[in-house]
Trainee: 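Dropping a structure here in structure tokens format, bear with me for questions.
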Amino acid sequence: MVMTGEDRVTHTEASNFELASYLKEKKQLVEAALDQSLPITRPEKVYEAMRYSLLAGGKRLRPILCLTTCELMGGTVEMSVPTACALEMIHTMSLIHDDLPAMDNDDYRRGKLTNHKVYGEDIAILAGDALLSYAFEYVATQTRNVDYPNLIDVIARLGRTVGAAGLVGGQVLDLESEGRSDVTVDTLKFIHIHKTGALLETSVVSGAILAGAKPEDIQRLSRYAQNIGLAFQIIDDILDVTASSEDLGKTAGKDQLAQKATYPSLWGLEESQKQAQALIDDAIAQLSPYGQAAQPLEAIAQFIVARKN
């Protein structure tokens with residue numbers, strides 16, 4: 001049975017947990033930390049371009065997941081804020097580069113002109129490169145009160161997530177699959193596990209590692225994250241078909257124009273929604289040992305499948 005958006009809201013309210021308030025509070029914390037993390041210096045143009053995209057808004061889901069799992073595992077916000085900021089820097093880099101003419105060639109992101117439309121392709125590429133390298137510097141120099149082996153593990157995971165074994169590998173296969181009619185569900189799953197899911201998984205797991213979580217907790221949270229990551233992409237594919245450009249904050253219908261393989265194109269809209277809900281149900285099942293403490297993660301999972309942008 002597929003839950004409706006109304007059902008999910010009722011479920012969240014019944015647990016006496018207000019997700020909207022939680023996300024608002026955490027987002028404000030992340031926004032302030034990001035603003036502080038990147039002052040403008042010389043050469044001003046590239047710093048302005050970096051800040052333009054980094055501070056352009058968005059759900060801030062990845063840094064919030066990092067903060068949330070760190071707290072769930074007994075850590076503090078202070079321990080995880082640098083990594084949370086780095087995750088958003090990496091995510092922002094991926095959006096800047098994804099929007100370039102050589103990639104997905106998009107004019108709008110988060111309701112604003114894309115970076116290369118404002119600063120030019122050359123500066124956009126360099127701004128993305130600078131955000132990526134700064135993310136690692138920021139984690140390494142700003143993290144406090146974390147055991148060094150845990151910090152090194154997080155840095156290594158960030159590197160793997162963004163490289164050929166993660167985001168870059170998924171993007172390469174995504175580009176190679178454009179216009180092809182023989183793309184399988186397995187190939188599509190591989191693309192999105194690497195291109196979208198890997199960074200979401202690292203967001204969840206890194207917060208737990210910073211707090212010194214046990215291997216069995218990391219395994220559970222990894223499965224939770226893998227499920228919400230794939231569900232997130234399925235919903236993205238659905239929204240590209242069903243939502244307006246105004247709602248999305250980016251150009252709607254781009255997948256079909258680019259002849260991309262998507263879950264709706266392979267399964268149809270109804271089956272895609274069912275598959276996304278099944279993934280969310282499994283994700284929530286992983287949280288059962290944590291009881292009420294896992295309410296934020298459960299509500300975030302429900303939000304992913306009910307979101308409209």
Trainee: Any side-chain heavy atom of E178 within less than 4.5 Å of one from D104?
Mentor: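 E178 reaches D104 side chain to side chain.
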Trainee: Under 4.5 Å between side-chain heavy atoms, counting indirect links through other Ile/Leu/Val/Met/Phe/Trp/Tyr residues: same cluster for I152 and V146 or not?
Mentor: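 Different hydrophobic clusters.
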Trainee: Side-chain heavy atoms under 4.5 angstrom apart, residues restricted to Ile, Leu, Val, Met, Phe, Trp, Tyr: same cluster for L239 and L279?
Mentor: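 Same hydrophobic cluster.
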Trainee: If you compare all heavy atoms of V205 against all heavy atoms of S222, which two are closest, and at what distance to 0.1 Å?
Mentor: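 Distance-wise, the nearest heavy atoms are CG2-OG, 3.3 Å.
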Trainee: So, taking the atom named NZ in K117 and the one named CG in D107, what distance separates them when rounded to the nearest 0.5 Å?
Mentor: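 K117 NZ to D107 CG: 4.5 Å, rounded to 0.5 Å.
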Trainee: Side-chain contact test, heavy atoms from C-beta onward, threshold under 4.5 Å: evaluate it for T143 versus V154 and give yes or no.
Mentor: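 Answer no - side chains too far apart.
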Trainee: How would you list, by chain and number, every residue that makes a side-chain contact (heavy atoms from CB on, under 4.5 Å) with F190, sequence neighbours excluded?
Mentor: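 Expected list: L173, H194.
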Trainee: I'd like to know if the side chain of T114 reaches the main chain of D106, judged simply by a donor and an acceptor atom lying under 3.5 Å from each other, with no hydrogens or angles considered.
Mentor: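 Yes, the answer is positive, given that a donor and an acceptor are paired below the 3.5 Å cut-off.
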Trainee: Identify all side-chain donor-acceptor contacts of residues 130-138 below 3.5 Å with residues at least two apart in sequence or on another chain.
Mentor:
| from | atom 1 | to | atom 2 | distance (Å) |
| --- | --- | --- | --- | --- |
| S133 | OG | D129 | O | 3.3 |
| S133 | OG | A130 | O | 3.1 |
| Y134 | OH | S37 | O | 2.5 |

Trainee: Do E176 and V183 have side chains that get closer than 4.5 Å, going by heavy atoms?
Mentor: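 No, side chains not in contact.
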Trainee: Say whether V30 and L38 are linked into one hydrophobic cluster, either directly or through other cluster members, by side-chain heavy-atom distances under 4.5 angstrom.
Mentor: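 In one cluster with V30: L38, yes.
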Trainee: Any side-chain heavy-atom pair from F17 and Q292 closer than 4.5 angstrom?
Mentor: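 F17 does not reach Q292 side chain to side chain.
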Trainee: For P63 and E88, which heavy atoms make the closest approach, and how far apart are they?
Mentor: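 Looking at all heavy atoms of both residues, the shortest contact is CD-OE1, 3.1 Å.
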Trainee: Please name the pair of heavy atoms, one in T196 and one in G229, separated by the smallest distance, quoted to 0.1 Å.
Mentor: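 Nearest pair, atom of T196 first, then G229: CG2-O, 4.3 Å.
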Trainee: Please list, chain by chain and in numerical order, all residues satisfying ring pair (Phe, Tyr, Trp, His ring centres under 6.0 Å) with Y290, sequence neighbours excluded.
Mentor: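 Not a single residue meets the ring pair (Phe, Tyr, Trp, His ring centres under 6.0 Å) criterion with Y290.
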Trainee: Does the side chain of Q273 come within less than 4.5 Å of V305's, by heavy atoms?
Mentor: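 Yes. Closest side-chain heavy atoms under 4.5 Å.
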Trainee: After noting the C-alpha distance and the side-chain angles of S206 and L87, does the key distance pass the side chain to side chain contact (heavy atoms under 4.5 Å, CB included) rule?
Mentor: CA-CA 10 Å; S206 61; L87 287 159; 3.9 Å; yes
Trainee: Can you sort out the partners of D153 under side chain to side chain donor-acceptor pair (under 3.5 Å), two or more places apart, ordered by chain and number?
Mentor: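 For D153 the side chain to side chain donor-acceptor pair (under 3.5 Å) partners, ignoring immediate neighbours, are R157.
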Trainee: Taking atom CD of E216 as the centre, does the number of heavy atoms from other residues, nucleotides or ligands within less than 6.0 Å exceed 12?
Mentor: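 Counting neighbours around CD of E216, more than 12 heavy atoms of other residues, nucleotides or ligands fall under 6.0 Å, so yes.
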Trainee: Tell me which pairs pass side-chain hydrogen bond (donor to acceptor under 3.5 Å, both in side chains) where either residue lies in residues 61-87, with sequence neighbours left out.
Mentor: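 Only Y22-T68, K26-E71, R62-H91 qualify under side-chain hydrogen bond (donor to acceptor under 3.5 Å, both in side chains).
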Trainee: Can you tell me how far the CG atom of L188 sits from the OG1 atom of T262, to the nearest 0.5 Å?
Mentor: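 Separation between the atoms: 7.0 Å.
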Trainee: Can you sort out the partners of Y263 under ring pair (Phe, Tyr, Trp, His ring centres under 6.0 Å), two or more places apart, ordered by chain and number?
Mentor: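 Y263 satisfies ring pair (Phe, Tyr, Trp, His ring centres under 6.0 Å) with H192, W267 only.
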Trainee: Counting only heavy atoms not in K189, do more than 12 sit closer than 6.0 Å to its NZ atom?
Mentor: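 Not buried by this count: 12 neighbours or fewer within 6.0 Å.
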Trainee: Is there side-chain contact between R110 and T92, with heavy atoms separated by less than 4.5 Å?
Mentor: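 Heavy-atom side-chain distance check passes, below 4.5 Å.
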Trainee: Run K195 and D98 through side chain to side chain contact (heavy atoms under 4.5 Å, CB included) and show every step you take.
Mentor: CA-CA 11 Å; K195 185 178 175 181; D98 201 44; 3.7 Å; yes
Trainee: Roughly how far, to the nearest 0.5 Å, is NZ of K59 from CD1 of I304?
Mentor: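 Output value for this atom pair is 9.5 Å.
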Trainee: Would you check, one step at a time, whether the test side chain to side chain contact (heavy atoms under 4.5 Å, CB included) holds for L297 with L65?
Mentor: CA-CA 8 Å; L297 289 181; L65 283 167; 3.8 Å; yes
Trainee: More than 12 non-hydrogen atoms from neighbouring residues, nucleotides or ligands closer than 6.0 Å to CD on Q219, yes or no?
Mentor: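 No, not enclosed.
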Trainee: Taking a hydrophobic cluster as the set of Ile, Leu, Val, Met, Phe, Trp and Tyr residues connected by side-chain heavy atoms closer than 4.5 Å, whether directly or through intermediates, do V168 and M93 fall within one such cluster?
Mentor: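 No: no chain of side-chain contacts under 4.5 Å links V168 to M93.
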Trainee: Determine whether I191 and T187 make a side-chain contact, defined as any pair of heavy atoms from C-beta on separated by less than 4.5 Å.
Mentor: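 Touching, per the 4.5 Å side-chain cut-off.
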Trainee: Output the distance between atom CG (N227) and atom CG (D282), rounded to the nearest 0.5 Å.
Mentor: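 If we round to the nearest 0.5 Å, N227:CG and D282:CG are 4.5 Å apart.
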Trainee: For residues A49 and I123, report the shortest heavy-atom separation together with the two atoms involved.
Mentor: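 Looking at all heavy atoms of both residues, the shortest contact is CB-CG2, 3.7 Å.
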Trainee: If you draw a 6.0 Å radius around CG in N145, do more than 12 non-hydrogen atoms from other residues or ligands fall strictly inside?
Mentor: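 Open: at most 12 neighbouring heavy atoms sit under 6.0 Å from CG of N145.
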Trainee: With rounding to the nearest 0.5 angstrom, report the CG to CG distance, L54 to D35.
Mentor: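 Between L54 CG and D35 CG, I get 9.0 Å after rounding to 0.5 Å.
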Trainee: Taking the hydrophobic residues Ile, Leu, Val, Met, Phe, Trp and Tyr, and joining any pair whose side-chain heavy atoms are under 4.5 Å apart, which ones share a cluster with L95?
Mentor: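 When side chains under 4.5 Å apart are linked, L95 ends up in no cluster with other residues.
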Trainee: If we ignore hydrogens and angles and just use 3.5 Å, is the side chain of R220 paired with the main-chain N or O of D217 as donor and acceptor?
Mentor: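 The answer is no, because no donor-acceptor pair under 3.5 Å joins these two groups.
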Trainee: Provide the closest heavy-atom pair for M79 versus A211 in the form atom of the first, atom of the second, distance.
Mentor: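 So the two residues come closest at CE-CA, 3.9 Å.
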Trainee: Please list, chain by chain and in numerical order, all residues satisfying side chain to side chain donor-acceptor pair (under 3.5 Å) with Y47, sequence neighbours excluded.
Mentor: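 So Y47 forms no side chain to side chain donor-acceptor pair (under 3.5 Å) with any residue.
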Trainee: Show, in sequence, the C-alpha distance, side-chain angles and deciding distance for E298 and Q302, and conclude whether the side-chain hydrogen bond (donor to acceptor under 3.5 Å, both in side chains) test is met.
Mentor: CA-CA 6 Å; E298 179 179 340; Q302 296 285 16; 5.0 Å; no
Trainee: With a cutoff of under 4.5 Å between side-chain heavy atoms, which Ile, Leu, Val, Met, Phe, Trp and Tyr residues group with L167?
Mentor: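 In the cluster with L167 there is nothing else; it is isolated.
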Trainee: Side-chain contact, heavy-atom cut-off 4.5 Å: I280 with I228?
Mentor: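 With C-beta onward as the side chain, the pair touches.
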Trainee: How many angstroms lie between CD1 in I193 and CG in L200, if you round to the nearest 0.5 Å?
Mentor: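 With rounding to 0.5 Å, CD1 (I193) is 12.0 Å from CG (L200).
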Trainee: Does T242 have any side chain to side chain donor-acceptor pair (under 3.5 Å) partners at least two apart in sequence or in another chain, and if so, which?
Mentor: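 Checked T242 against side chain to side chain donor-acceptor pair (under 3.5 Å); zero matches.
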Trainee: For the residue pair N105 and P101, what are the closest heavy atoms and their distance?
Mentor: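 Smallest heavy-atom distance, with atoms named: OD1-CA, 3.5 Å.
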Trainee: Residues two or more places apart in sequence or in another chain: which of them pass ring pair (Phe, Tyr, Trp, His ring centres under 6.0 Å) with Y119?
Mentor: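 Checked Y119 against ring pair (Phe, Tyr, Trp, His ring centres under 6.0 Å); matches are Y52.
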Trainee: Walk me through it: do M103 and I96 pass the test side chain to side chain contact (heavy atoms under 4.5 Å, CB included)?
Mentor: CA-CA 10 Å; M103 299 287 185; I96 293 172; over 6 Å; no
Trainee: What about L29 and L55, same hydrophobic cluster or not, with Ile/Leu/Val/Met/Phe/Trp/Tyr joined at side-chain heavy-atom distances under 4.5 Å?
Mentor: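 Yes, it is one cluster - the side chains of L29 and L55 are joined through contacts under 4.5 Å.
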Trainee: Who pairs with K27 by side-chain contact (heavy atoms from CB on, under 4.5 Å), at least two apart in sequence or on another chain?
Mentor: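 Listed in chain order: E31, R60, I64.
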